[in-house]
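Atoms within a ligand are numbered from 1 in the order they appear, just like the ligands themselves. When reading the values below, keep in mind they use all heavy atoms of this one structure, side chains included, and skip hydrogens, waters and symmetry mates. Throughout, residue positions are numbered sequentially from 1 according to the sequence presented.
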Amino acid sequence: MNVELKNLSFDAACLARTDVLVVLVAKDFKVPATTSALGAWLQQAVKTGGLGGSGATQVQSFADPRFVAKQVVAVHVDSGDADGVRSALAACVKSLSSSNVKTVLVSVHALQLHRSSANKRDWSQALVGAIEQGSYLYTTSKSTTVGKPFKARVTICADDAQALAPQFAVAKAVASGVAVAKEWANRPANLATPTHLGEQAKAMGKLRNMQVQVMGPREVAKLKMGSFMAVAQGSTEPLRFIVMQYKGAPQTQAPVVLVGKGITFDTGGISIKPSPDMDEMKYDMGGAASVLGAMQAIGELQPKVNVVALIPSCENMPDANAVKPGDVVTSMSGQTIEILNTDAEGRLILCDALTYATRYKPAHVIDVATLTGACVIALGHVRTGMFCADDALAQSLSNAGEVSGDLCWRMPLDAAYGAALKSNFADIPNIGGGRAGGAITAAKFLEKFTADFKWAHLDIAGTAWVSGSQKGSTGRPVPLLVTHVLQHAAGLAGNTKPTTASKRAAKKVS
Ligand code: BES
Ligand code: MN
Ligand code: ZN
């Protein structure tokens, strides 16, 4: 994705040489003063109801001799709030991506970006996120594709580019992290094995201040991660435990630890899943993909903060060696677990990674997992389920969701929800209480491994991918995670000083 930000008046944008000029037009659009014929054309489009009237979201002109741009597209963005802009601009970019366009200017002059203070959304993330979304195309396992990835140079023009610049740098890094997450989540399970994920993590070790260690079955056995190993034992693919450390602050500063569920395929194991839609269980490493994506963004931004990423990764398969319902295993924490359902495997690999997190004396730990179908029933596909006993941390995550547009919703952790986690044969069972409140039961299980630190759990079962004809990864919750980590870093510094990367970006804007 090739996006930049430029200080350019509406007048100058109208007269700039470009293949396409996209003008975003809100409902209460007032044509900015311009000497160009474009202003009159836009006004006409709105007045006649051709734009925004009868649901028309876009009007275009091609090779109009009055305009300098070869193609002009006016995009109606409803009230002009960040979410409306995001979806309209993404659709516009998608429609352009089939043509051979090389340069695109996007005018946001008519949006008055800073006007709507009722809404916390970050404009830069909305604009850049839309361009990423509109230009994304999965190609890895296709020999032919309809369309091609959008390679045009996109320039967002605003009167106040300077003011937007620091956030714009963040938005670009977030978009690049989202692209990493989408790519890995979308790859089929035979091309995204635990070994492949380990190799991707290793490759990210070339980012500045990033150290990566990838462990295999022998090291994990040595760590006594009996719960994680029990899930992996049904597959011929060897497990991987990925540890990434981003060191942007002195060693004395406690790190944020991100833990991502990396089940590269979830058949359910011996408690096997029904066949319909089982292919979607390739997305069961969506947590891992989002943690990799967040580390990519953090590595690009170089904030003054320490971040550790932990990714337990394996397949969940039925096999002669597979763990059986009723088997009891000993987790790294020492707690024994009766595996009553081998399909509740996410919590079994996460619990050992959470125990491992203790050694970092973390500021806090956030795990991210496509953990329960019950969370999809509870919240649908708009908001990620967020579980956190610490009010300040919960507040920061909610806020990061609002700012980035990558929303979450706080869920309860009352003791009563965990009451059914009782076993006659082990310290705890891995399921209990039936279907009702299943997302909370899962969180209560994980909570038993978090006594040593502040902890939040993000259940992304409903938000990590979309099903149907548009099947594909959303790259969520990369925007939420990165925004949260940057907020945490700014809080540590006791101010909201921009990162060096964003300062550099501000300087570059002319
Ligand atoms: N990966 C699934 C959760 C899932 C299912 C996410 C469907 C998205 C869509 C997880 O490993 C799982 O199978 N959970 C079980 C837990 C149950 C056995 C307590 C579930 O949700 O059915
Ligand atoms: Mn499962
Ligand atoms: Zn799973």
- Note on the structure: ligand 1 atoms nearer than 4.0 angstrom to some heavy atom of Ile431 are 19 (C)
- Report the nearest protein non-hydrogen atom to atom 9 (C) of ligand 1: residue, atom name, distance rounded to 0.1 Å. Met281 CE, 3.6 Å
- Query: For the Mn ion (ligand 2), which N, O or S atom of Glu345 is at the shortest distance?
  - Reply: OE1
- Query: For Asp266 and Tyr283, what are the C-alpha separation, side-chain angles and deciding distance, and is it a side chain to side chain contact (heavy atoms under 4.5 Å, CB included)?
  - Reply: CA-CA 9 Å; Asp266 182 11; Tyr283 289 116; over 6 Å; no
- Item | Atom name in Asp266, limited to N/O/S, at shortest distance from the Mn ion (ligand 2) | OD2
- Task: Check whether the side chains of Gln302 and Asn209 place a donor and an acceptor atom closer than 3.5 Å, and report yes or no.
- Result: yes
- Item | Protein contact of atom 8 (C) of ligand 1 - nearest heavy atom, named by residue and atom, plus distance | Trp465 CH2, 3.4 Å
- Query: How far is atom 20 (C) of ligand 1 from its nearest protein heavy atom, and which residue and atom name does that atom have?
  - Reply: Gly373 N, 3.9 Å
- Considering only the protein, which heavy-atom contact is closest to atom 6 (C) of ligand 1, and what is its distance? Ala461 CB, 3.6 Å
- Indicate if the distance from the Zn ion (ligand 3) to the nearest N, O or S atom of Gly346 falls below 2.8 Å. no
- Between Leu371 and ligand 1, find which residue part has any heavy-atom pair under 4.0 Å and reply side chain, backbone, both or neither. backbone
- Item | Nearest atoms (heavy-atom pairs only) where Pro312 meets Gly260 | CD-O, 3.2 Å
- Message: Is a donor from one side chain sitting under 3.5 angstrom from an acceptor on the other, for Lys448 and Gln335?
- Response: no
- The atoms of ligand 1 lying under 4.0 Å from a heavy atom of Glu345, numbered in the order shown, are 11 (O)
- Query: Would you say the side chains of Thr57 and His76 form a donor-acceptor pair under 3.5 Å?
  - Reply: no
- Is there an N/O/S atom in Asp343 that lies less than 2.8 Å from the Mn ion (ligand 2)? yes
- Task: Could you check atom 18 (C) of ligand 1 against the protein and tell me its nearest heavy-atom contact, residue, atom and distance included?
- Result: Asn341 ND2, 3.5 Å
- Task: Using only N, O or S atoms, tell me which atom of Glu345 is closest to the Zn ion (ligand 3).
- Result: OE2
- Please name the residue in the list Phe449, Phe228, Phe241 that meets the ring-ring contact (aromatic ring centres under 6.0 Å, His included) test with Tyr356. Phe241
- Message: Under 4.0 Å from a heavy atom of Lys261: which atoms of ligand 1 are those, numbered in the order shown and with their elements?
- Response: 1 (N), 10 (C), 11 (O)
- Message: Is the positively charged end of Lys182 above the ring of Tyr138, judged by distance under 6.0 angstrom from the centroid and angle within 45° of the axis?
- Response: no
- Write the atom name of the N, O or S atom in Asp284 that is nearest the Zn ion (ligand 3). OD2
- Note on the structure: Nearest heavy-atom contact between Gly385 and Leu379 is CA-CD1, 3.4 Å
- Task: For atom 1 (N) of ligand 1, find the nearest protein heavy atom and state the residue, atom name and distance (0.1 Å precision).
- Result: Asp284 OD1, 2.8 Å
- Message: Show, in sequence, the C-alpha distance, side-chain angles and deciding distance for Val128 and Met1, and conclude whether the side chain to side chain contact (heavy atoms under 4.5 Å, CB included) test is met.
- Response: CA-CA 9 Å; Val128 178; Met1 198 187 54; 3.9 Å; yes
- Message: I want to know if ligand 1 touches Thr372 in the polar sense, i.e. an N/O pair below 3.5 angstrom.
- Response: no
- Contact partition for Arg347 relative to ligand 1, non-hydrogen atoms under 4.0 Å: side chain
- Item | Protein contact of atom 2 (C) of ligand 1 - nearest heavy atom, named by residue and atom, plus distance | Asp266 OD2, 3.6 Å
- Counting heavy atoms under 4.0 Å, the part of Met278 that contacts ligand 1 is neither
- Query: Is the number of heavy atoms from other residues, nucleotides or ligands under 6.0 Å of Lys273 NZ greater than 12?
  - Reply: yes
- Give a yes or no on whether Asp266 keeps an N, O or S atom under 2.8 Å from the Zn ion (ligand 3). yes
- Message: If you compare all heavy atoms of Ser313 against all heavy atoms of Thr264, which two are closest, and at what distance to 0.1 Å?
- Response: OG-CG2, 3.6 Å
- Query: In terms of heavy-atom contacts, does NZ of Lys151 have more than 12 from other residues, nucleotides or ligands at under 6.0 Å?
  - Reply: no
- Query: For ligand 1, which part of Phe445 has a heavy atom less than 4.0 Å away: the side chain, the backbone, both, or neither?
  - Reply: neither
- Please work out whether any backbone atom (N, CA, C, O) or any side-chain heavy atom from C-beta onward of Lys273 is under 4.0 Å from ligand 1, and answer side chain, backbone, both or neither. side chain
- Query: When you measure from atom 12 (C) of ligand 1 to every protein heavy atom, which one gives the shortest distance, and what is it?
  - Reply: Asp343 O, 3.2 Å
- Message: Set out, in order, the CA-CA distance, both residues' side-chain angles and the distance that settles salt bridge (Lys or Arg N to Asp or Glu O under 4.0 Å) for Arg240 and Glu219, then state yes or no.
- Response: CA-CA 9 Å; Arg240 290 289 181 265; Glu219 291 102 323; over 6 Å; no
- Over all heavy atoms of both residues, which pair between Val329 and Ala230 is shortest? Give the atoms and the distance, please. CG1-CB, 3.7 Å
